[in-house]
Amino acid sequence: MVLRGVGPERVFQLGRLGIHTVGDLLLHAPRRYEDRRKFITIRELELGKSATVFGKIIAAGVKRLRGGARSVYEFVIEDGSARLHCRWWNLPFLERIFAVGDEVMVFGRPNLLKPRTMDHPETEKVEGGDDVTVHINRVVPVYPLTEGLPQRSVRSFLWRAVEEFAGQVGEPEPRLVPVGTVEQGRKGAGESVCLIPQFPGSPASFPTRAEALSVLHFPAEIADAERARRRLALDEFVALQLEIQRRRQNLERNARAFPCGGDNRLMKPFLAALGFKMTGAQVRVLRELRADLAGPVPMRRLLQGDVGSGKTVVAAGAALMALESGCDVALMAPTEILAAQLHRNLAGWFGPLGIAVDLRTANHRPGAEPGPPSGELRLGARPPESGAVGRLLVGTHALLEDSVGLGKLGLVIIDEQHKFGVAQRETLLRKGRDGGRFPHLLVMTATPIPRTLGLTLYGDLDVTLLDEVPAGRGRIRTHVRDAAALPKVWQFVRSELEKGRQAYVVYPRVSESDRDEVKAVTKEFARVQQELAPHGAGLLHGQLRAEEKDLVMASFRAGTTKVLVATSVIEVGVDVPNATVMLIEDAEQFGLAQLHQLRGRIGRGAHESHCILVAEQKTDAAKARLKVLAETTDGFALAEADLRLRGPGELIGRQQSGVPEFRFGDLRGDRDLVELARALVRTHLRGA
Ligand code: ADP
Ligand code: MG
């Protein structure tokens, strides 16, 4: 495909926008649309309200300010009803672009009415001749640009590209009309009319891809563009689902797993020593996991459970099945604190059963510390004698390093998966690969993931819900306060400490920045100590050395320090049942899902707990957000709200590498399309 009439300078400029082919150009979506069938007159312009007007330049010039270092370029247009002044600061070259007598369209927001003035509006010169059908008298697209590239050039290129090539841009497979799903409304052979009654809410039909591209750029009505976007978004979701489901299909057809179902000989004493009874949900999930682990196909399962639902015990149970079967198990957690805590829990449970549990983080290597029995670095170098028990290695992403050799790795468990990328997950699984055999995989997430995002991020995993919280937990009350109430809040925290309880105090930052006034933990620590004296406080944040973190956590867990002043490093996993207060300052800085996680650190014992959110609720949106949190303890509902309010990147963490970027798809609102894509691909692959 060659689009003629695009000169070298334009080719270079388009390249800067990432457009290198006609296909790229066709996917360059308009930023907005403008209805140029009717203009308002300049006289009708209203203060602060965006509008497009059309007129002739009657005066123009550059004024130098402050000895010439700064300048303002201005032109005045007239349309027979009134005049409009348009001004640009420090863009003197505009003088060479416009001339008195030119006809221009101007889009902007008047910031003065006497005289009528717009600062830095968007402009477009109207030129006589044949392209009047493209740039005027219709709904026109307005594109993202780069320096020196005029709006009307891009629009002209696209007009021609759509005319000549839209029909040649291939349909991604599978075609959207699997035979049999078209039940009515068929327009004729080869027409992409897709009617899928089992998806209520999805529109009855999608345009063809060629039609969608044409409508995306030159819709008859602005509202039509959304239909086009949805079709192109569906194609993106289909492409992603194809990749995900193909990988899965390939695994099921070609990969084999070590049998890891276990024989219950260690499970029985483990359950007997636990000290509590498993919830119904835990029992159900363990049964499900056993069926997977005993099977020939490597398990790929996501365990979702709200904070406090008891995922760790479930993970331990699954690990035990693999260990009983003589396989090794690796458990990866996102932070040192969490890895150390998991190691302590598991060593406590498994040590008495004679199982080696090792810790591997950047700072701890197996054998480096006293405590539970510790194996050598290289696992699995044993002959596969029957009745042998495997080993458990707990760690952070240090587990991914090459120096850690994993032997007969039967099961990989990843806690808080969303903190890791898919690539890291795959690395760990590959390390365990042995000939044609692959380890089983269990990933756990404490941040409930809305379904749209789940299908996108974890579409290749089976999902299990741990939907029951152990009985006997104290209630959590959530309070929203502004900074003026702090003295009372401190008084309340003191009264809880007096009763023997413990408290977390959380700040958004480690250290102060001069950009804003967000409170920082290192600065506030002294004040918290003062407010809560004589009760001892510890300081915890991500920049401390591992040994320091360990010490701080250990003395908080032991109750020696009553207060833990921290950043959101304690967001995931930390489990101290005697803590009943979670005080979060500058709470508006956190996402809902994150606040929910922090709140999940309390309410783990029998006592009533209190989550206090101190926030300047400057905007209604901020107020509404915290109100949602105060009224709901359902992590799934909160995650849905967070996805809508802040988008996928914020929900699962900025550092997350796994969220695919879509050009047209929008995970906030396209759930029906994600579901549809998944079903279409499924049908397609079954037939393949
Ligand atoms: P999360 O799902 O947030 O990871 P944890 O696994 O940390 O939750 O469990 C939270 C707390 O609940 C831990 O102290 C754990 O020992 C306890 N727990 C787990 N299951 C049960 C149960 N069935 N009954 C009572 N307590 C439980
Ligand atoms: Mg956990």
Side-chain angles (χ1 to χ4, degrees), residues 267 270-287 289 301-320 331-350 394-396 413-420 442-449 463-476 501-502 504 553 556-559 568-580 582 593-607 609 611 633-636 638-639 652-653:
M267 187 67 83
F270 166 68
L271 293 177
L274 257 188
F276 52 74
K277 211 169 148 292
M278 293 265 189
T279 63
Q282 285 170 324
V283 171
R284 173 177 56 76
V285 170
L286 275 173
R287 204 172 291 142
L289 293 178
R301 196 168 278 280
L302 171 68
L303 177 61
Q304 284 211 58
D306 213 338
V307 281
S309 56
K311 291 184 289 295
T312 315
V313 181
V314 172
L320 212 47
L331 196 170
M332 184 161 75
T335 65
E336 298 239 8
I337 293 173
L338 211 51
Q341 179 180 289
L342 284 170
H343 175 250
R344 190 172 338 92
N345 283 343
L346 288 160
W349 286 327
F350 291 176
V394 181
T396 56
I413 305 175
I414 302 181
D415 199 10
E416 312 298 346
Q417 154 79 18
H418 64 286
K419 302 275 170 175
F420 296 104
L442 174 65
V443 305
M444 308 197 288
T445 165
T447 306
I449 306 281
V463 178
T464 295
L465 285 184
L466 195 59
D467 49 6
E468 186 182 342
V469 172
R473 298 275 172 85
R475 193 153 67 118
I476 304 179
R501 305 283 91 77
Q502 289 170 274
Y504 299 97
M553 271 317 292
F556 186 66
R557 193 175 302 106
S568 61
V569 287
I570 57 155
E571 173 192 337
V572 289
V574 171
D575 184 32
V576 179
N578 188 45
T580 57
M582 169 61 66
Q594 214 179 359
L595 289 170
H596 179 62
Q597 278 297 312
L598 287 167
R599 180 170 61 181
R601 297 310 110 215
I602 54 171
R604 293 177 163 247
H607 301 282
S609 292
C611 176
T633 50
D634 176 351
F636 282 92
L638 288 170
I652 59 175

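Note that ligands are numbered from 1 as they come in the structure, with each ligand's atoms numbered from 1 the same way. In this chain, residues are counted from 1 in sequence order.
At a heavy-atom cutoff of 4.0 Å, ligand 1 is contacted by no atom of Met444, backbone or side chain. For Gln341, no heavy-atom contact with ligand 1 is shorter than 4.0 Å. With a heavy-atom cut-off of 4.0 Å, Asp575 touches ligand 1 through its side chain alone. At a heavy-atom distance under 4.0 Å, atoms from both the backbone and the side chain of Lys311 approach ligand 1.
Those atoms of ligand 1 that come under 4.0 Å of a heavy atom in Ser309, given as number and element, are 2 (O). Close approach to Met278 involves these atoms of ligand 1, each under 4.0 Å from a residue heavy atom: 23 (N). Residue Lys277 has at least one heavy-atom neighbour below 4.0 Å for each of these atoms of ligand 1: 22 (C), 23 (N), 24 (N). Close approach to Thr312 involves these atoms of ligand 1, each under 4.0 Å from a residue heavy atom: 4 (O), 5 (P), 6 (O), 7 (O). Counting atoms of ligand 1 from 1 in the listed order, those under 4.0 Å from a heavy atom of Thr279 are 23 (N).
Rounded to the nearest 0.5 angstrom, Ser309 OG and Glu468 CD are separated by 10.0 Å. Between the NE2 atom in His596 and the SG atom in Cys611 there is a gap of 10.5 Å [rounded to 0.5 Å].
Between the side chain of Asp306 and the backbone N or O of Gly635, at least one donor-acceptor pair lies under 3.5 Å.
In terms of polar-atom proximity, Gly308 is counted as a contact of ligand 1, with an N or O under 3.5 Å from an N or O of the ligand. Ligand 1 has no N or O atom lying under 3.5 Å from any N or O atom of Pro470, backbone or side chain.
For residues 270-285, every residue pair satisfying the salt bridge (charged side-chain N to carboxylate O under 4.0 Å, His left out) rule, not counting sequence neighbours, is listed here: Arg284-Asp467.
Ring geometry, Phe270 versus Trp349: the interplanar angle exceeds 60°, so the pair is classed perpendicular (tilted spans 30 to 60°).
Distances from atom 17 (C) of ligand 1 to the heavy atoms of Arg604, Arg601, Arg473, Glu468 show the closest one on Arg473.
Remark: Arg287 pairs with no residue by the salt bridge (charged side-chain N to carboxylate O under 4.0 Å, His left out) rule, at least two apart or across chains.
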_The test is side-chain contact (heavy atoms from CB on, under 4.5 Å); show your working for Leu286 and Met278 and say whether it passes._
CA-CA 10 Å; Leu286 275 173; Met278 293 265 189; 3.8 Å; yes
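Looking at heavy atoms from C-beta onward, Val394 lies in side-chain contact with Leu346 at the 4.5 angstrom threshold.
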